[in-house]
Protein chains: 2
Amino acid sequence: MSGIFSNKCEYGLRAAVYIAALKKDQFVSIRSVAEALDISFYFLTKVLQTLTQANIMNSYRGPNGGISLSRPASEIHLNEIVIALEGRRSLEGCVLGLPECGGENPCPLHNRWMDIREEINQMLGSTTLQELADQNPVKLENIIKSAG
Amino acid sequence: MSGIFSNKCEYGLRAAVYIAALKKDQFVSIRSVAEALDISFYFLTKVLQTLTQANIMNSYRGPNGGISLSRPASEIHLNEIVIALEGRRSLEGCVLGLPECGGENPCPLHNRWMDIREEINQMLGSTTLQELADQNPVKLENIIKSAG
DNA sequence: ATAATTTAAGACAAAAAAGTCTTAAATATA
DNA sequence: TATATTTAAGACTTTTTTGTCTTAAATTAT
């Protein structure tokens, strides 16, 4: 009974927004992110490794190492993060899970779901980390631990 | 890496639409539904038990027993099925999984996601099994096994 | 009554997701 | 060079989801 996305994906999105909001041009340690967001350090490490492999983040080892966005926050869209962590199926698949479902072979919910899927993809594909990082500070604070 | 809903929920939706489309006023055996939809009989039994407990279906044991919709298909909305099988959080929760997120305490994605959540709830809350069952037969056939 | 059919309930098993830990590799600094 | 710091990789454990099976209960028909 989790949310619409997996924990992995929720954590990845939260971490990405957090890092973007720091507006720091050095590496940020995963440990500090994990503590700020109240996420298991070990698990977050795995999640961010995936984002690094997907070329969304950069990592650097050693003292003063950590992770950073691989590009300006204005060039990272949320759908990249979701696809890296959740897979394409979550954004492109049939609601009923039918692999054959598509334009010429629509399931009973196909058309109705298409509209929603479009909206989701539109939103995630057009929203950048920059936009989220530039929001009202109240909204940003709500992803960090002290808010909970 | 599954779809937007769990397997349980996908199966429940497919079975409900299938049963509605049969337009049969007797009980339909779970076994026949499982075969038609190519879903494990055992697992489907569990899923439909949940829908029966949620008062969406009726069941009856013994020869000629099986399951049926507990109400006219025109009075069963998709959101009921999703809530019964997937939980309220999937339709009402924060995209980032933050329990505190809400109107006065919005996460960075809150407003954007609200719009989409609204659409999803609107669609699922207004679409009935009847409407899906009355669609173009091609769409209906695509939930059954022979289509795969 | 007896046997056959069908769902209910609960135990059980397998697979996937979530989370933890250890060791290795890279890097910086003393 | 030696030590400390930090991510990478992979083993491992726990929890949840998914799927299977067995037995019980309800019901029908013989």
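Side chains are part of it too, since the values below use all heavy atoms of this structure and drop only hydrogens, waters and symmetry mates. First the proteins, then the strands, lettered A, B, ... as listed; each starts at 1.
Taking for each of Cys9(B) and Tyr60(A) the nucleotide of DNA chain D with the nearest heavy atom, the 5'-most of the two is the partner of Tyr60(A).
For a distance-only test at 3.5 Å, the side chain of Lys46(B) qualifies as a donor-acceptor partner of the base of dG10(C).
We find that CG of Leu44(A) is positioned 19 Å from P of dA17(C), with the value rounded to whole Å. If you take CZ of Phe41(A) and C1' of dT7(D), they are 8 Å apart, rounded to a whole angstrom. Rounded to an integer number of Å, the gap from CD of Glu86(A) to P of dA17(C) is 9 Å. Per the geometry, CG belonging to Asn58(B) stands 17 Å off P belonging to dA26(D), to the nearest Å.
Phosphate contact (OP1/OP2 of dT27(C), side-chain N/O of Asn64(A), threshold under 4.0 Å): absent. Contact check, Ser40(B) against dT20(D): a side-chain N or O comes under 4.0 Å of OP1 or OP2.
Under the 3.5 Å distance criterion, with hydrogens and angles disregarded, no donor-acceptor pair is assigned to the side chains of Ser68(A) and Gln26(A).
When distances are taken from the side chain of Pro63(A) to each of dA9(C), dT28(D), dT5(D), the shortest belongs to dT5(D). Checking dA8(C), dT7(D), dA28(C) against the side-chain heavy atoms of Ser59(A) singles out dT7(D) as nearest.
Looking only at side-chain heavy atoms (C-beta outward), Ile56(B) and Leu69(B) stay at 4.5 Å or farther from each other.
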